[in-house]
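Scroll down for the structure; my scribbles are underneath it.
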Amino acid sequence: MATKFDRILVGVDDSADALLAFDYALHQAKRDDSELYIVSVLEENDVNIYQALDDDFVHGKRDTLAQHLQGYAEKAQNAGITKVHTLVAEGKPADTIVRDVIPHVQPDLLIIGSESKKGVSRHFGSQAAYMAKYAPISVLVIR
């Protein structure tokens with residue numbers, strides 16, 4: 001018997017693997033008639049110290065990202081998912097999702113993408129590996 005998920009969280013950042021994760025999340029949410037939460041993290045390293053001190057700059061970046069997430073929400077609604085929510089968080093993506101977003105949203109499943117790495121970089125940790133290890137819920141990593 002297949003597991004039914006009531007609340008699904010998917011992380012997006014416009015990378016190819018995140019888009020695959022989003023497509024899978026749409027399929028799963030539609031199948032289970034789940035609430036779908038779409039999150040993107042405004043990364044700390046995308047803002048220099050001077051920009052971080054400028055509230056207008058940070059709010060502008062956050063607002064732009066929130067508007068961009070509305071495109072994902074529209075795709076989800078067009079796919080037939082009626083309960084769609086978007087969130088913008090700030091910080092290091094994996095850590096922020098595990099420590100802040102998951103406790104806030106309380107999803108049953110986290111769906112994330114992971115790039116296949118080659119060479120020496122495949123031996124180092126990734127955002128997906130961190131979330132799979134530390135998230136207190138089931139994590140589905142899409143490649």
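Keep in mind that this is a model prediction, so the values were computed, not measured. When a residue number appears, it is its place in the shown sequence, counting from 1.
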Of all heavy-atom pairs between [X] and [Y], which one has the smallest distance, and what is that distance?
X     : Y     : value
Ile81 : Ala29 : CD1-CB, 3.8 Å
Ser34 : Arg7  : CB-N, 4.4 Å
Ala76 : Val84 : CB-CG2, 3.8 Å

Verdict with supporting geometry, Leu20 and Arg143, side-chain contact (heavy atoms from CB on, under 4.5 Å): CA-CA 7 Å; Leu20 289 173; Arg143 288 186 186 239; over 6 Å; no
field: For Leu9, the option from Leu109, Val39, Ile111 that meets side chain to side chain contact (heavy atoms under 4.5 Å, CB included)
entry: Val39
message: For a side-chain contact (heavy atoms from CB on, under 4.5 Å) check, start with the C-alpha distance between Thr82 and Gln77, then their side-chain angles and the critical distance, and finish with the verdict.
response: CA-CA 6 Å; Thr82 58; Gln77 290 164 342; over 6 Å; no
Glu90 vs Arg62 side-chain heavy atoms within contact, under 4.5 Å: yes
field: Student check: side-chain heavy atoms of Leu87 and His104 closer than 4.5 Å
entry: yes
Using the side chain to side chain contact (heavy atoms under 4.5 Å, CB included) criterion, which residues pair with [X]? Sequence neighbours excluded.
X      : result
Ala128 : Ile112, Ser114, Ser126, Val141
Thr86  : Ile38, Leu69, Gln70, Ala73
Ala66  : Val88
His27  : none

query: Side chains of Asp32 and Gln28: do they bring a donor and an acceptor to under 3.5 Å?
result: yes
Salt bridge (Lys or Arg N to Asp or Glu O under 4.0 Å): pairs with one or both residues in [range], sequence neighbours excluded:
range           : value
residues 11-24  : none
residues 77-89  : Asp33-Lys83
residues 94-114 : Asp95-Arg99

message: Suppose we screen for side chain to side chain donor-acceptor pair (under 3.5 Å). Which residues come up paired with Lys30, at least two apart in sequence or across chains?
response: none
query: When you look at Lys4 and Asp6, which way does the salt bridge (charged side-chain N to carboxylate O under 4.0 Å, His left out) test go after all the steps?
result: CA-CA 7 Å; Lys4 181 181 182 301; Asp6 295 318; 3.2 Å; yes
Report all side-chain donor-acceptor pairs from residues 133-140 shorter than 3.5 Å, counting only partners two or more places apart or in another chain.
none

field: All pairs passing ring-ring contact (aromatic ring centres under 6.0 Å, His included) where residues 70-100 contributes a residue, at least two apart
entry: Phe22-Tyr72, Tyr37-His85, His68-Tyr72
Nearest-0.5 Å distance, CD1 of residue Ile142 to CG of residue Leu19: 12.5 Å
